[in-house]
There are 2 protein chains.
Amino acid sequence: MSVTGTRPAGRPRSERAEKAIVDATLDLIGEGASVSELSIEAVAARAGVGKTTIYRRWANKEELVGDALATLKAPLPVVAGRTVREDLVAYLDVMRQDSLHVRTRCIMNIAMSDQERHPRLYERFHQTAIEPRRAAMRAVLERGVATGELRADLDVELAMGMLTGTMLWYTKAASHGGALPSPDLASRIVDEALRGFRSAQA
Amino acid sequence: MSVTGTRPAGRPRSERAEKAIVDATLDLIGEGASVSELSIEAVAARAGVGKTTIYRRWANKEELVGDALATLKAPLPVVAGRTVREDLVAYLDVMRQDSLHVRTRCIMNIAMSDQERHPRLYERFHQTAIEPRRAAMRAVLERGVATGELRADLDVELAMGMLTGTMLWYTKAASHGGALPSPDLASRIVDEALRGFRSAQA
DNA sequence: TAGTTTCGCAACGACACCGTATCGTATGAT
DNA sequence: ATCATACGATACGGTGTCGTTGCGAAACTA
């Protein structure tokens with residue numbers, strides 16, 4: 001251990017290997033493997049590393065998955081107070097785009113998976129990857145209610161559930177047969193929903 | 001083989017065992033096991049039978065799961081032309097109730113699972129358990145459009161996605177923390193959605 | 001009764017995976 | 001150069017599961 005702040009003697013940890021491990025983990029989950037199903041052997045093989053390399057960094061699978069998922073802080077689009085419609089479309093379209101890429105599809109797969117078997121993992125994931133998105137969407141809807149564009153009696157939680165649930169339905173349950181969600185799906189959902197959300201004056 | 005139509009000599013197949021096997025399969029899936037994760041060993045243990053008893057009836061796991069899921073033809077409520085709202089609430093409430101029981105929760109779990117690994121199984125399930133429900137809901141919405149209660153330009157597929165997706169969101173993704181969907185969830189969803197679906201004359 | 005079929009249980013060889021240990025080689029610092 | 005640490009590959013004992021086989025007992029027919 002050097003006292004001058006330089007790196008200790010010995011071979012340094014390979015950042016390439018660490019990234020490959022994290023990527024392999026997310027890929028396998030994005031491809032459909034549940035956390036229970038995911039195996040360290042498969043991650044190691046996919047990443048092109050030895051199992052010991054994984055175990056030198058993470059004590060167990062749950063720790064690895066937790067760290068891998070923590071990298072998924074998908075940046076929310078910057079929507080500095082445009083119209084409610086545009087902001088909702090932007091947020092909802094992030095979900096659609098996530099579904100198109102195997103790595104970010106993890107978000108959807110984990111959100112819809114059984115949380116009972118890995119409650120701590122799920123909670124951590126929920127705080128980092130799901131709640132920020134919901135908070136942003138909620139803020140937009142509440143802004144719409146405050147400005148009078150949306151009904152004063154709008155159930156904001158239900159509205160969010162409708163937007164999110166519909167996109168999930170289309171990207172996950174209704175995607176059998178390999179059909180991709182169309183690029184205008186987010187706007188179609190938002191427009192349909194806003195018909196009921198808007199106040200009579202709008 | 002007797003020519004008089006009486007049963008052949010030998011111990012008869014146990015219907016109790018067969019039912020126990022099917023029930024165990026549905027229970028394990030309802031509890032969160034994916035088709036991939038499900039093991040014959042676990043089914044046998046849960047059902048209190050020997051593995052050979054399972055293999056005497058089914059060649060492999062996929063065949064067993066297929067037959068087990070085929071028993072899930074949940075009867076649709078008889079809704080002989082009441083109001084669109086009432087009919088939609090009735091159908092949507094079947095989903096909510098399904099989510100409360102471990103055995104019928106299979107429908108939701110399978111519908112939201114990755115279909116790529118078991119395409120034939122999924123397709124068979126889709127035809128027997130999902131499509132009849134969608135057809136019934138579609139008929140109600142189309143009736144509403146035909147009578148003028150709903151907008152002539154209503155996107156019926158999107159409307160269905162909104163109703164179904166929202167209920168799924170609440171019963172599956174939003175159910176972390178053990179919160180049960182409230183008994184009035186179906187009517188709240190339908191009422192919120194109908195605000196936008198209804199035609200201006202309604 | 002004998003004969004037949006099914007039952008649950010146990011065992012089997014094969015395979016996959018876990019977490020650990022070992023090893024020769026690679027990659028750095030000194 | 002030596003020393004230290006990390007690497008991938010391999011092996012290991014253990015666990016779990018698969019699909020199959022064998023067996024004594026159970027449940028039936030004739």
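- Between N60(B) and G50(A), the residue whose closest nucleotide on DNA chain D is further toward the 5' end is G50(A).
- When the C1' atom of dA6(D) is taken as reference, atom CD1 of I54(A) falls 14 Å away, rounded to whole Å.
- Distances from the side chain of Y55(A) to the nucleotides dC18(D), dT6(C), dG19(C) place dG19(C) closest.
- The side chain of E41(A) has dC17(C) as its nearest neighbour among dC17(C), dC18(D), dG8(D).
- Looking at D23(B) and K19(B), a side-chain N of the basic residue comes within less than 4.0 Å of a carboxylate O on the acidic one, giving a salt bridge.
- Atom-to-atom, CD of E37(A) to P of dC18(C) comes out at 12 Å; the value is rounded to the nearest Å.
- Proximity of I110(A) to H126(A): side-chain heavy atoms (C-beta onward) are nowhere separated by under 4.5 Å.
- The 5' end of DNA chain D is approached more closely, in terms of each residue's nearest nucleotide, by R16(A) than by the other of A59(B) and R16(A).
- Residue T53(A) has its side chain nearest to dG8(D) when only dC28(D), dG8(D), dA29(C) are considered.
- With hydrogens and angles left out, the side chain of T52(B) and the base of dC9(C) share a donor-acceptor pair within 3.5 Å.
- To the nearest 0.5 Å, atom CD of residue E62(B) and atom CG of residue L38(B) are 11.5 Å apart.
- When distances are taken from the side chain of P12(A) to each of dG8(D), dA29(C), dT27(C), the shortest belongs to dT27(C).
- Side-chain proximity of R11(A) to dT27(C), dT17(D), dC18(C): nearest is dT27(C).
- When the nucleotides dT5(C), dA11(C), dG22(D) are ranked by their closest atom to the side chain of K51(B), dA11(C) comes out on top.
- Both A47(B) and G10(B) lie close to DNA chain C; mapped to their nearest nucleotides by heavy-atom distance, the more 5′-ward contact belongs to G10(B).
- The side chain of R56(B) approaches dC7(C) more closely than any other nucleotide in the set dG8(D), dG19(D), dC7(C).
- Distance check, rounded to the nearest 0.5 Å: CD of E86(B) to CG of D93(B) gives 12.5 Å.
- Defined by atom type and a distance below 3.5 Å, a donor-acceptor pair is missing between the side-chain atoms of E149(B) and S199(B).
- For R57(B), a side-chain nitrogen or oxygen approaches OP1 or OP2 of dC7(C) to under 4.0 Å.
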